[in-house]
Student: 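This is the structure I want to talk about, given as structure tokens.
Please read these numbers as outputs of a predicted model, since none were measured by experiment. When a ligand or atom number is given, it counts from 1 through the structure's own listing order.
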Amino acid sequence: MQSYQIVDWGKPLQLRIRETPVPQGEEVLVRIEASGVCHSDVHIRAGYFDLGGGRQARLSDAGAPLPLTMGHEIAGTVVAMGPQASGVTLGTRGVVYPWIGCGHCGFCAQGRDVDCEAPRSLGTRRDGGYSDHVIVPKGRYIVPVGKVDIHLAATYACSSLTAFGALQKLPPLGGDDRVLLIGAGGLGLAACAIAPLVTEARLVVADIDPAKLGAATRQGAWATFDARDPGGALALKQAAGGPIRGVIDFVGSRDSAQLAMGVATKGTVIIIVGLHGGSLEVPLPLLPTRNLTIRGSYVGRLEDLQALIRFAEEGRLPPIPVTQRPLAEVDRILDELDERRLVGRVVVTP
Ligand SMILES: [Zn+2]
Ligand SMILES: [Zn+2]
């Protein structure tokens, strides 16, 4: 098995060759056909998230083991099953739900793996998809892709799932309302594709890159806004042409969160998704007087991934642009993501 692994935090990934693992107990072995490259892996490779004010959340303190194979948008074929494995059959082609919990806490019992305090997530706590094979703890975490293109399906495990999870946290909105999406990278484009299934509100997309704004328009954005506009939040409010009742911040930086606060009106729900890092100073009286909500959203549930694949199979989910590149380029692709040079999602293939 060939895997590109973090061996030292902050250093380039290294190719490591090991015996292909044999699934034990309830585990299944998936031969990987596609693995999406996610911006969060730029931060994981670095070994920390920026909390602002010079503070960092170090992954070594959070229990992430080294060496670690990242990659959490994994799709492929089940090629071996442990003696107690169930919930899937040999030869199934599927996308792997990677946000796996401990399996026995209260949250896991409710299907809320994502809130589990002892996660076994693939690509962040256990070896993931920058490899040619991956062990999945249980067969039920493989969602068959049916006739959906397997490279596109891989991206549903994080970028689309995260966008879907965030969109579901918006308040009920009508066609006169606006939802602002900040960031038109892989997540922002996925949100444009999924939003019509979740909300009637019109989408306004802000980014600093005109090429990404063009992609957002093609993906169905109602209006776009160049976030470098010196007019700032005021100009954005005018461009929106209606009250911005929801903001999903796919960047998660000080600047993007300040822009979100600047456009908020009565009852606006601001959902922070991106992990760029930094901190936000919030004038506290605005929270009660504007009835504001600021909250986070982290990926989504297994049932959400199943729903996304169903929507795609039914033709209700327009595809986002996906570029295929060889697995051996994964470290360079992470650099390109860090420099914000990529449009759409890149999927590596072993
Ligand atoms: Zn991701
Ligand atoms: Zn749990």
Student: So does His39 have any N/O/S atom less than 2.8 Å away from the Zn ion (ligand 1)?
Tutor: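 False for His39.
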Student: Given 3.5 Å as the limit, does a donor-acceptor pair link the side chain of Asp207 with the main chain of Ala184, or not?
Tutor: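 Judged by distance alone, yes, a pair lies under 3.5 Å.
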Student: Is any N, O or S atom of His104 under 2.8 Å away from the Zn ion (ligand 2)?
Tutor: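 Short answer: no, not a single N, O or S atom is under the cut-off.
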Student: Under 3.5 Å, is there a donor-acceptor pair between the Asp41 and Tyr130 side chains?
Tutor: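 Indeed, the side chains of Asp41 and Tyr130 share at least one donor-acceptor pair under 3.5 Å.
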Student: Report, rounded to 10°, the angle at the Zn ion (ligand 2) between the two atoms SG (Cys108) and SG (Cys116).
Tutor: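 Between SG of Cys108 and SG of Cys116, the angle at the Zn ion (ligand 2) is about 110°.
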Student: Once you measure the plane-to-plane angle for Trp99 and Tyr298, does it fall in the parallel (<30°), tilted (30-60°) or perpendicular (>60°) bin?
Tutor: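 Trp99 vs Tyr298 ring planes: perpendicular.
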Student: Below 30° counts as parallel, above 60° as perpendicular, anything between as tilted: where do the rings of His43 and Phe49 land?
Tutor: tilted
Student: Report the atom name of the nearest N/O/S atom of His72 relative to the Zn ion (ligand 1).
Tutor: NE2
